[in-house]
Amino acid sequence: MLSLKYLQENQEEAIKALKIKNFDATEIIGKIIDLDEKRKATQAEQDATQAEMNSLSKEIGMLFKSGKAEEANAAKAKTGELKNSIAELNSKQTSIVEELNNLLLQIPNIPHSSVPAGKGEEDNVIEKSVGEAPSLAPDAIPHWELAKKYNLIDFDLGVKITGAGFPLYRGKGAILQRALINFFLDENRKAGYEEVIPPLVVNEDSGYGTGQLPDKEGQMYHVTEDNLYLIPTAEVPVTNIYRDVILKGEDFPVKNTAYSACFRREAGSYGKDVRGLNRLHQFDKVEIVQLQHPEKSYEALEGMVNHVESIIQKLELPYRLLRLCGGDTSFTAALTFDFEVYSAAQDKWLEVSSVSNFESYQANRLKLRFKDKDMKKPQLAHTLNGSALALPRIVAALLENHQTPEGIKVPKALVPYTGFDMID
RNA sequence: GGAGAGAUGGCAGAGUGGUCGAAUGCGGUGGUCUUGAAAACCAUUGUACGGCAACGUACCGGGGGUUCGAAUCCCUCUCUCUCCGCCA
């Protein structure tokens, strides 16, 4: 969420910038600023009353100690009224703060000045397009058929065991998964990211910390018995490492990478987009997370984009880089770049990575701050994350783009990890 | 699953109803001394909100209660540890 202070100091600017995200903030920001005035006034009144109460209590203690029981009891009589008004002010304050918070949570992150206006996918800006779609044989087939042909993925068995969207990888298909995970982790480690293996299940606090709760509650699998949630991405447990943390300035940059299985209910997605590996309930992903000094977060974003790009290049896949427009940038991001890989057999672009700078939007809710020696008060850090990379669509693109009449060619960089150079 | 113990500042650890935002030790920061460092000594060292400031208010795992007054007493939840059981 945005900080109150920012909104107070930059009201006009914020309203203008949020229009890029097609969000009219005029009314809500006005309400917030009014409410905060109320909050301050009520707080001041409450503090003063409490101060009076405190000193009266102290006095009573002294009186009792010095044996003046009568005076003490007289003073006691006065406390009842104070007590009532404190309770009253307190409940008033609680509801003001609650309302204020609710409103704050409804405002999306301010988009970066370079975010283009636009309504949806079609307005995203293609930053670059690299590599050419391979000229496939006329009988080229989509990955779900390739997966069957070479016995790599058994979707039917997944349905039998669990349900749709939970594929079973086998043989070279399973090895390919493991190879990709290790390849990605190694690449990330070489780029300075510390590897972590986080829990795959998180508690409510963590869900709120990264903003999955309360708004996206329905998208996560919920273990009601223990009130825990299956993670939709490693971003959740990894970013929550830093919840309620105050870093030192010299700790930056903090760089973590994690492989995890990801679980998404994907309630409401049906149809041809869910064919094969395009959209799953359980999938594998290697994530990168960075915490940065506010002055350096955009430099870091660029570094992350370049890093992800280098991995895709090593996989020998044709890709393009998109700068998301306001309408397609997520609620919490300030600037997002998407990588899409071309699937020749499906004749469509598949999103394989999304790299975003959240600036202090996530950090504010997480209470992730840093403090330099010369700083009086802790300041919010910037958080960034990206997929490096998500497996299913990479696998789909690898199978489809590298298919030959003899079999599927494994990219050179991956061979040391798979132990074979051809799937046949 | 059963029985018990516990949760206090960056860490360790005192504090069982008022003078406690909290002793003490360690750590951190600044300084004195030193050619430099170490040691020693001195000072300082939580977060949030309000206020130009002085200062005020809140926070001793979370929530609720008793009381004029709660870190301290009561209830409840969560978590951690120990033992037993079960088990990868």
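Reminder, nothing fancy here: chain letters follow the sequence lines and each chain counts from 1.
Residue A/Asn54 is in sugar-phosphate contact alone, with no base atom involved, counting any heavy-atom pair closer than 4.0 Å across all strands shown. Within 4.0 Å of A/Ala51, counting heavy atoms only, lie sugar-phosphate atoms of the nucleic acid but no base atom. Residue contacts for A/Lys5: at a heavy-atom cut-off of 4.0 Å it reaches no nucleic acid atom on any strand shown. In this structure, A/Met53 reaches the sugar-phosphate backbone alone: every heavy-atom distance under 4.0 Å involves primed, P, OP1 or OP2 atoms, never a base. Across all strands, A/Lys367 comes closer than 4.0 Å to no nucleic acid atom at all (heavy-atom distances). Base engagement by A/Ser57 is indicated by at least one non-hydrogen atom pair under 4.0 Å involving a base atom. Nucleic acid contact for A/Ile60: base, since at least one base atom lies under 4.0 Å from a heavy atom of the residue.
Counting distance only, with no hydrogens placed and no angle test, the side-chain atoms of A/Asp47 and the base atoms of B/rG50 include no donor-acceptor pair under 3.5 Å.
Between B/rC49 and A/Lys377, a contact under 4.0 Å exists linking OP1 or OP2 to a side-chain N or O. Contact annotation: A/Arg369 does not reach the phosphate of B/rU47 (side-chain N/O to OP1 or OP2, under 4.0 Å). Neither OP1 nor OP2 of B/rG10 sits under 4.0 Å from any side-chain N or O of A/Lys248. Applying the 4.0 Å criterion to OP1 and OP2 of B/rG56, one finds that A/Gln50 has every side-chain N and O outside that range. Contact between the side-chain N/O atoms of A/Asn203 and the OP1/OP2 oxygens of B/rU78 is not found at any separation under 4.0 Å. Contact annotation: A/Lys371 side-chain N/O to B/rG46 OP1/OP2 distance is not under 4.0 Å.
Looking at which nucleotide of RNA chain B each of A/Ala44 and A/Lys76 is closest to, the 5′-most match is held by A/Ala44. Along RNA chain B, the nucleotide nearest to A/Ser55 and the one nearest to A/Met62 differ in position, and the one closer to the 5' end is contacted by A/Met62.
Look at A/Glu250 and A/Lys248 and you find no salt bridge, because none of the NZ, NE, NH1 or NH2 atoms lies under 4.0 Å from a carboxylate O. Between A/Glu187 and A/Lys314 there is a salt bridge, since at least one side-chain N of the basic residue sits less than 4.0 Å from a carboxylate O of the acidic one.
Out of B/rC49, B/rU67, B/rG50, the shortest distance to the side chain of A/Lys40 is found at B/rG50. Across B/rG18, B/rU47, B/rG50, the shortest atom-to-atom separation from the side chain of A/Phe64 is found for B/rG18.
For B/rC41, the paired base is B/rG31 (Watson-Crick or G-U wobble, both distances below 3.5 Å).
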Under 3.5 Å, which donor-acceptor pairs link side chains of residues 145-171 of chain A to any protein atom two or more places apart or in another chain?
{"from": "A/Asp154", "atom 1": "OD1", "to": "A/Asp156", "atom 2": "N", "distance (Å)": "3.1"}
{"from": "A/Asp154", "atom 1": "OD1", "to": "A/Leu157", "atom 2": "N", "distance (Å)": "2.9"}

Handout entry: Intermediate values then yes/no, side chain to side chain contact (heavy atoms under 4.5 Å, CB included), A/Leu368 and A/Leu380
Key = CA-CA 6 Å; A/Leu368 162 58; A/Leu380 292 171; over 6 Å; no

Handout entry: Working for side chain to side chain contact (heavy atoms under 4.5 Å, CB included), residues A/Leu180 and A/Leu398
Key = CA-CA 11 Å; A/Leu180 282 166; A/Leu398 281 177; 4.1 Å; yes

